[in-house]
*Asks:* 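This is the structure I want to talk about, given as structure tokens.
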Amino acid sequence: MAKIMILNGSPRAPKSNSKRYAALFAKYCSIACTYFEISKSNHAALRSEMEKYSDVLFVFPLYADALPVGFLNFLKFLENNPPTRKPVVSILINCGFFEYNQNEIAVRMMRLFCRQNHYALGSVLMLGSGEAILDSPFQFLAAAKIKQLAASIVSRSYRVFHVTMPLTRKLFQLASTYYWVQYGKKFGVTKKQMQTMEIESAGEVRSDLGH
Amino acid sequence: MKLILSDRPIHVALPDDENIRYFNLSALKISNCVGCFGCWTKTPGRCVIRDDATKVYPVIAQSDEVLYVSHVKYGGYDSVMKTMLERAIPIQQAFIRIFKGETHHVQRAVALKQATIVAYGELTEEEKDIFTRLIARNAYNMSFASYNVLFVEESKIDETVEKIVRTWQKS
Ligand SMILES: Cc1cc2nc3c(=O)[nH]c(=O)nc-3n(C[C@H](O)[C@H](O)[C@H](O)COP(=O)(O)O)c2cc1C
């Protein structure tokens with residue numbers, strides 16, 4: 001029977017956007033989904049659990065143009081400790097920047113992982129403006145794509161989807177400035193303070209550190 | 001400032017020059033970024049995790065030549081280098097600018113860099129292609145004015161680093 005395992009690869013999984021995207025996916029998916037968060041200490045347990053599922057959906061953010069390192073470490077664990085039964089792997093990736101296609105390198109890395117490790121690749125959804133879209137008037141656009149992603153996995157007619165805010169870059173820039181100013185306010189930090197050009201000093205850096 | 005950041009020890013006699021810094025990341029204690037955005041919104045320019053990464057990212061910011069040595073996995077940096085690069089976001093602001101037609105972050109006081117990336121591992125052509133494109137994307141986010149990606153065998157790393165450092169001394 002088809003069953004989907006949703007695996008959240010965000011470093012801040014319990015408080016992540018990925019968690020909210022995963023919840024939308026489970027809500028719209030017509031077959032049973034079970035949600036898990038990848039942590040440093042649960043790789044083996046997740047690998048064993050994975051054997052019970054026909055499909056896995058990895059939900060994770062873009063980090064420095066690639067996969068977050070904790071998630072990369074989980075993939076390396078799977079490579080060294082493969083499950084006896086391999087599910088079809090689908091992907092829901094989100095990035096903070098406006099352009100959904102900034103996720104493409106990370107998706108290529110995932111394709112390569114799947115090929116090298118003999119997992120079939122299912123559907124892919126690349127989300128741009130993923131840090132803020134769920135709290136914007138464009139939440140419904142992200143939700144609609146997630147619904148399509150779920151339907152494609154259920155019907156096994158795999159596809160690549162993408163979505164971002166329907167704004168010009170200039171407007172996105174304004175909207176994101178507002179978003180971050182509000183974020184700083186929660187900590188009593190002003191826009192001006194957030195705009196500091198200063199980076200903490202390296203302190204006692206010695207050129208031989210690490211020799 | 002010139003910086004060598006490596007995920008393995010480099011056995012090269014480095015010139016006695018305080019402007020050349022070297023970090024062997026495999027000998028440092030650096031934990032994963034937790035994505036809290038504290039370095040943008042709470043203590044701007046400063047990471048809340050007070051481990052060895054806080055000694056490295058200020059030097060990344062100040063350097064106009066960087067030499068990164070990393071093993072490659074699935075076409076990206078392997079874990080040691082990737083962990084450090086993720087911890088370097090305090091050198092950027094939360095705010096967005098439009099750069100080369102795309103949205104990217106405003107940089108704080110970060111020097112423009114000439115970057116050389118020495119990549120090693122048993123790599124297919126596809127992995128090399130993904131990695132080269134990754135560096136092209138990094139260039140926008142990490143202030144690389146120009147970059148050069150060198151794929152070398154692990155046994156050739158030291159001599160490659162030595163050659164590059166020699167060109168720094170001439171300049
Ligand atoms: C260390 C770090 C690196 C990031 N790198 C990128 C990046 O290269 N490109 C991008 O568009 N967003 C980047 N982001 C933003 C995240 O992808 C974005 O905030 C996302 O919504 C986080 O999802 P999550 O809450 O599920 O973890 C980065 C965030 C962090 C903390």
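Proteins come first, then strands; the chains are lettered A, B, ... in the order of their sequence lines, and each starts at number 1. Please read these numbers as outputs of a predicted model, since none were measured by experiment.
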*Asks:* Could you check whether any side-chain heavy atom of A:F97 comes within less than 4.5 Å of a side-chain heavy atom of B:N141, counting everything from C-beta outward?
*Replies:*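 Result yes, sub-4.5 Å side-chain heavy-atom pair found.
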*Asks:* Is it the side chain or the backbone of A:L174 that comes within 4.5 Å of chain B heavy atoms, both, or neither?
*Replies:*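 No part of A:L174 comes within 4.5 Å of chain B.
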*Asks:* Between B:L134 and A:D65, is a side chain to side chain contact (heavy atoms under 4.5 Å, CB included) present by the stated rule, with each step listed?
*Replies:* CA-CA 7 Å; B:L134 169 65; A:D65 299 303; 3.6 Å; yes
*Asks:* Rounded to the nearest 0.5 Å, how far apart are CZ of A:R108 and CD1 of B:I130?
*Replies:*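 So the gap between those two atoms works out to 4.5 Å.
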*Asks:* Checking B:Y140 against chain A: side chain, backbone, both or neither under 4.5 Å from a heavy atom?
*Replies:*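 Answer is neither: B:Y140 stays 4.5 Å or more from chain A.
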*Asks:* Nearest 0.5 angstrom please: A:M194 CE to B:K42 NZ, how far?
*Replies:*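 Rounded to the nearest 0.5 Å, the CE-NZ separation comes out at 13.0 Å.
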*Asks:* What residue in A:E104, A:Q195, A:M110, A:E198 has the most heavy-atom pairs under 4.5 Å with chain B?
*Replies:*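 Between A:E104, A:Q195, A:M110, A:E198, the count favours A:Q195.
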*Asks:* Is there a side chain to side chain contact (heavy atoms under 4.5 Å, CB included) between A:Q116 and B:E126? Walk through the geometry before answering.
*Replies:* CA-CA 12 Å; A:Q116 287 180 347; B:E126 186 186 3; over 6 Å; no
*Asks:* For A:P11 and B:C33, work out which heavy atoms get closest and say how close.
*Replies:*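 Nearest pair, atom of A:P11 first, then B:C33: CB-O, 3.5 Å.
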*Asks:* Is it true that a side-chain atom of B:R108 and a backbone atom of A:T196 form a donor plus acceptor pair closer than 3.5 Å?
*Replies:*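 Yes, B:R108 side chain to A:T196 backbone: donor-acceptor pair under 3.5 Å.
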*Asks:* Do any N or O atoms from the side chain of B:K82 and from the backbone of A:A64 form a donor-acceptor pair under 3.5 angstrom?
*Replies:*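 A pair under 3.5 Å: no.
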*Asks:* Hey, are B:T103 and A:Q173 close enough side-chain-wise for a donor-acceptor pair under 3.5 Å?
*Replies:*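 No, because no side-chain N or O of A:Q173 sits under 3.5 Å from a partner of the opposite role on B:T103.
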*Asks:* Does CZ in A:F187 sit with more than 12 non-hydrogen atoms of other residues, nucleotides or ligands closer than 6.0 Å?
*Replies:*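 Atom CZ in A:F187 is crowded, with more than 12 foreign heavy atoms closer than 6.0 Å.
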*Asks:* Within the supplied structure, the quantity of interest is the number of heavy atoms (other residues, nucleotides, ligands) at a distance under 6.0 Å from A:K192 NZ; does it exceed 12?
*Replies:*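 No, NZ of A:K192 has 12 or fewer neighbouring heavy atoms, counting only those of other groups under 6.0 Å.
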*Asks:* Identify which of A:Y183, A:Y63, A:F98 forms the greatest number of heavy-atom pairs closer than 4.5 Å to chain B.
*Replies:*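 Option with the top pair count is A:Y63.
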*Asks:* More than 12 foreign heavy atoms under 6.0 Å from CG of A:N80: is that the case here?
*Replies:*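 Correct, the count exceeds 12.
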*Asks:* Counting only non-hydrogen atoms closer than 4.5 Å, does A:Y179 touch chain B with its backbone (N, CA, C, O), its side chain (CB onward), both, or neither?
*Replies:*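 A:Y179 has no heavy atom closer than 4.5 Å to chain B.
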*Asks:* Quick check on side-chain hydrogen bond (donor to acceptor under 3.5 Å, both in side chains): which of A:R111, A:K76, A:E79 does B:Y74 satisfy it with?
*Replies:*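 The option that passes is A:E79.
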*Asks:* For the candidates A:A13, A:G128, A:S10, A:P68, which exhibits the highest count of non-hydrogen atom pairs separated by less than 4.5 Å from chain B?
*Replies:*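 Option with the top pair count is A:P68.
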*Asks:* Does any N or O in the side chain of B:E86 come within less than 3.5 Å of the main-chain N or O of A:V69, such that one atom is a donor and the other an acceptor?
*Replies:*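 It does hold such a pair.
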*Asks:* Taking all atoms of both residues into account, what is the closest heavy-atom pair of A:L112 and B:G75, and its distance?
*Replies:*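 Scanning both residues completely, I find the closest heavy atoms to be CD2-N, 3.9 Å.
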*Asks:* Side chain, backbone, both or neither: which part of B:D78 has a heavy atom under 4.5 Å from chain A?
*Replies:*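 Looking at B:D78, backbone and side chain both touch chain A.
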*Asks:* What's the verdict on side chain to side chain contact (heavy atoms under 4.5 Å, CB included) for B:I96 and A:T177, showing C-alpha distance, side-chain angles and the deciding distance?
*Replies:* CA-CA 7 Å; B:I96 299 280; A:T177 301; 5.7 Å; no
*Asks:* Using heavy-atom distances under 4.5 Å, tell me whether B:H104 contacts chain A through its side chain, its backbone, both, or neither.
*Replies:*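 Answer is both: backbone and side chain atoms of B:H104 are under 4.5 Å from chain A.
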